[in-house]
Amino acid sequence: VMIKKSSALTTTTSLQTIYTVPNGKRAEWKMLWISNVSGSNGTFDVTYYNKANDTTFAFFDDHTLSAKDFFQIGGEYYEFVTMYEGDYVQISATQPMTAVVSVIEHNDVIQGG
């Protein structure tokens, strides 16, 4: 079973979890959209926690985004990060920004074999 989902939040200066892979699922992280809704330039951080390795990876670290501008990565058919149960994505920013991630969740059980 495949379920398409999006999750959104308004950033703060502390890392916040925008998406966590539920128990018994795996997910394809398809797209990230961040919009700087403030009147000032700012920076954002995006991290990915890999539960199996107990490791956090920085996807973006102090990435600059101009006031009233947006940033998008992914969204094309072959652009995705495979995530597993308990993995999560976190986002923070120096200015108020809105963020959206889109994922496709799958049952983490292979049928018939």
Side-chain angles (χ1 to χ4, degrees):
V1 176
M2 175 179 69
I3 300 171
K4 296 179 180 180
K5 287 186 172 181
S6 292
S7 183
L9 60 74
T10 300
T11 63
T12 66
T13 55
S14 298
L15 285 171
Q16 299 178 86
T17 302
I18 190 168
Y19 175 75
T20 302
V21 180
N23 291 337
K25 302 286 185 183
R26 63 183 163 81
E28 296 174 23
W29 176 12
K30 297 293 293 174
M31 192 264 312
L32 167 68
W33 173 283
I34 299 178
S35 179
N36 185 345
V37 296
S38 78
S40 302
N41 296 345
T43 62
F44 65 86
D45 298 330
V46 177
T47 63
Y48 165 65
Y49 175 74
N50 179 280
K51 182 179 176 182
N53 297 324
D54 191 24
T55 305
T56 300
F57 301 93
F59 268 57
F60 298 97
D61 186 19
D62 290 333
H63 190 86
T64 301
L65 188 57
S66 300
K68 306 300 182 190
D69 202 357
F70 70 91
F71 173 87
Q72 178 185 338
I73 188 166
E76 298 298 322
Y77 184 76
Y78 290 107
E79 297 175 342
F80 61 90
V81 174
T82 301
M83 301 172 66
Y84 296 93
E85 179 179 301
D87 292 359
Y88 57 82
V89 177
Q90 293 187 312
I91 299 175
S92 66
T94 58
Q95 299 294 327
M97 299 185 192
T98 54
V100 177
V101 295
S102 291
V103 301
I104 300 173
E105 287 181 356
H106 305 267
N107 289 333
D108 202 19
V109 176
I110 297 173
Q111 300 294 324

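All residue numbers refer to positions in the sequence shown, counting from 1.
The shortest side-chain heavy-atom distance between E76 and Y78 does not fall under the 4.5 Å cut-off. The shortest distance between side-chain heavy atoms of S92 and L15 falls below 4.5 Å.
The line from OG of S38 to NZ of K68 is 6.5 Å long, rounded to the nearest 0.5 Å. Note that CZ of R26 and CG of D87 are 12.5 Å apart. Values are rounded to the nearest 0.5 Å.
The closest donor-acceptor contact from the side chain of S14 to the backbone of T12 lies at 3.5 Å or more, if one exists at all. One N or O on the side chain of N36 and one on the backbone of S40 form a donor-acceptor pair closer than 3.5 Å. A donor-acceptor contact shorter than 3.5 Å is absent between the side chain of E28 and the backbone of I104.
A salt bridge is defined here as a Lys NZ or Arg NE, NH1 or NH2 lying under 4.0 Å from an Asp or Glu carboxylate O, and K5 with E105 meets this definition.
Of all the heavy atoms in A67 and G39, the pair that sits closest is CB-C, 3.5 Å. S6 and V100 get closest at one heavy-atom pair: CB-CG1, 4.3 Å.
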### Query
Could you walk me through whether D62 and D45 pass the side chain to side chain contact (heavy atoms under 4.5 Å, CB included) check?
CA-CA 6 Å; D62 290 333; D45 298 330; 3.6 Å; yes

### Task
Please lay out, stage by stage, how Y84 and N50 fare under the test side-chain hydrogen bond (donor to acceptor under 3.5 Å, both in side chains).
CA-CA 8 Å; Y84 296 93; N50 179 280; over 6 Å; no

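For the residue pair T47 / T56, no side-chain donor-acceptor distance below 3.5 Å is found, with atom types taken as modelled.
I73 forms part of a hydrophobic cluster together with L9, I18, Y19, V21, W29, L32, I34, F44, V46, Y48, F57, F59, F60, L65, F71, V81, M83, V89, I91, M97, V101, V103, judged by ILVMFWY side-chain heavy-atom separations under 4.5 Å.
With sequence neighbours excluded, the residues forming a side-chain contact (heavy atoms from CB on, under 4.5 Å) with T64 are T43, listed by chain and number.
Cation-pi geometry between K30 and Y77 is met: the NZ or CZ atom falls under 6.0 Å from the ring centre, inside 45° of the normal.
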